[in-house]
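Accompanying notes for the structure given below.
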Number of protein chains: 2
Amino acid sequence: MLNHEERLDLVFRALGDRTRRALVERLVRGPASVSELAAPLTMSLAAVVQHLQVLETAGIVRSEKVGRVRTCRITPEALRAGEAWLGQRRTSWESRLDRLGDVLAESGPSEGSTS
Amino acid sequence: MLNHEERLDLVFRALGDRTRRALVERLVRGPASVSELAAPLTMSLAAVVQHLQVLETAGIVRSEKVGRVRTCRITPEALRAGEAWLGQRRTSWESRLDRLGDVLAESGPSEGSTS
DNA sequence: ACATCACTTAAGCAGTTACTTGACTATGCG
DNA sequence: CGCATAGTCAAGTAACTGCTTAAGTGATGT
């Protein structure tokens with residue numbers, strides 16, 4: 001079991017690494033095998049597999065093995081959850097600024113200001 | 001100096017921690033002092049300050065000290081950068097699915113399908 | 001059958017993170 | 001002044017990360 005906060009922990013932490021973001025960038029253009037994903041990277045294959053596991057436990061990627069090839073693909077829900085969290089905080093912040101603007105406008109543009 | 005990838009590293013890593021997300025959630029509702037931010041949390045004040053430093057180096061929060069009180073507030077640009085990254089990858093993924101759908105549709109809805 | 005390919009698993013290690021405690025430095029207030 | 005408030009700084013530590021290498025496992029190609 002994995003609640004919403006735990007999921008966000010895993011998603012944001014997973015994305016907080018260039019290599020893993022690079023993997024995501026490759027995978028949004030379509031599925032790929034582990035070796036295809038590893039090819040452009042300078043690290044060992046084992047290291048790439050470990051990064052993929054991080055992405056997979058975060059729910060960002062899923063993979064299935066056919067024969068000896070593991071094919072990885074994006075699962076967009078987790079990315080959407082991260083985007084949604086950020087969007088909600090941004091709108092919350094913006095609406096606060098709006099209310100603040102309203103209060104300042106209410107005091108009148110030429111009436112006695114705060115200064 | 002801090003390039004775009006480094007900034008994203010810091011932003012996503014900063015958000016990959018519940019405590020820091022809680023601090024952000026508090027701060028989107030308006031500025032607060034360090035002790036106000038620490039009050040609802042169970043950890044030491046020093047620990048909260050350390051979390052705030054992580055948020056500040058990520059560019060998510062800025063703070064200024066007046067007298068003996070440090071007041072923290074959100075800087076929304078960094079959050080927007082994270083949201084933008086996620087949004088771009090999502091649309092990239094979605095447009096790929098659209099193209100895939102087009103190709104499948106092109107073969108004709110009642111013509112010989114893949115099965 | 002045998003080699004090769006595509007991973008998989010495990011161990012180890014340097015560096016980082018998320019805390020803690022304790023000592024310290026300003027304010028600000030009566 | 002004297003004392004509480006609001007942080008600041010430095011050390012220490014246990015757990016976690018991001019790698020590495022090396023030794024498997026189980027397809028696949030010839």
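This is a predicted model, so every value here is computed, not measured. By convention in this document, chain letters (A, B, ...) are assigned in the order of the sequence lines, proteins followed by strands, and residues within each chain are numbered from 1.
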Would you name the heavy atoms of Leu37(A) and Leu23(A) that are closest together and state the gap between them?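 Closest heavy-atom pair between Leu37(A) and Leu23(A): CB-CD2, 3.8 Å.
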Spacing between [X] atom [atom1] and [N] atom [atom2], to the nearest angstrom:
X: Leu15(B); N: dA18(C); atom1: CG; atom2: P; result: 12 Å
X: Arg70(B); N: dT5(D); atom1: CZ; atom2: C1'; result: 16 Å
X: Leu41(A); N: dC7(C); atom1: CG; atom2: C1'; result: 16 Å
X: Leu52(A); N: dT9(C); atom1: CG; atom2: C1'; result: 16 Å
X: Leu10(A); N: dT17(D); atom1: CG; atom2: C1'; result: 14 Å

With heavy atoms under 4.0 Å as the rule, sort Arg20(A) into base, sugar-phosphate or nothing.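 Sugar-phosphate only.
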Could you state the interatomic distance from [atom1] ([X]) to [atom2] ([Y]), rounded to the nearest 0.5 Å?
X: Leu10(B); Y: Glu5(B); atom1: CG; atom2: CD; value: 11.5 Å
X: Leu15(A); Y: Ile60(A); atom1: CG; atom2: CD1; value: 4.0 Å
X: Arg80(B); Y: Arg89(A); atom1: CZ; atom2: CZ; value: 15.5 Å

May I have the list of side-chain donor-acceptor pairs in residues 46-57 of chain B shorter than 3.5 Å, sequence neighbours left out?
from	atom 1	to	atom 2	distance (Å)
His51(B)	ND1	Arg20(B)	NH1	3.1
Glu56(B)	OE1	Ser63(B)	OG	3.2
Glu56(B)	OE2	Ser63(B)	N	3.2
Glu56(B)	OE2	Ser63(B)	OG	3.1
Thr57(B)	OG1	Gln53(B)	O	3.0
Thr57(B)	OG1	Val54(B)	O	3.1

OP1 or OP2 of dT8(C) under 4.0 Å from side-chain N/O of Lys65(A):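 So the side-chain polar atoms of Lys65(A) do come within 4.0 Å of the phosphate oxygens OP1 or OP2 of dT8(C), strictly under.
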Taking for each residue the nucleotide of DNA chain C with the nearest heavy atom, is it Ser35(A) or Arg13(A) whose nucleotide lies nearer the 5' end?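 The 5'-side residue here is Ser35(A).
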Looking at Arg90(B) and Glu94(B), does any basic side-chain N land under 4.0 Å from a carboxylate oxygen?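 A salt bridge links Arg90(B) with Glu94(B).
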Spell out protein contact along nucleotides 19-29 of chain D as letters: B when the base is contacted, S when just the sugar-phosphate is, - when no protein heavy atom is under 4.0 Å; keep the 5' to 3' order. BBB----BBS-
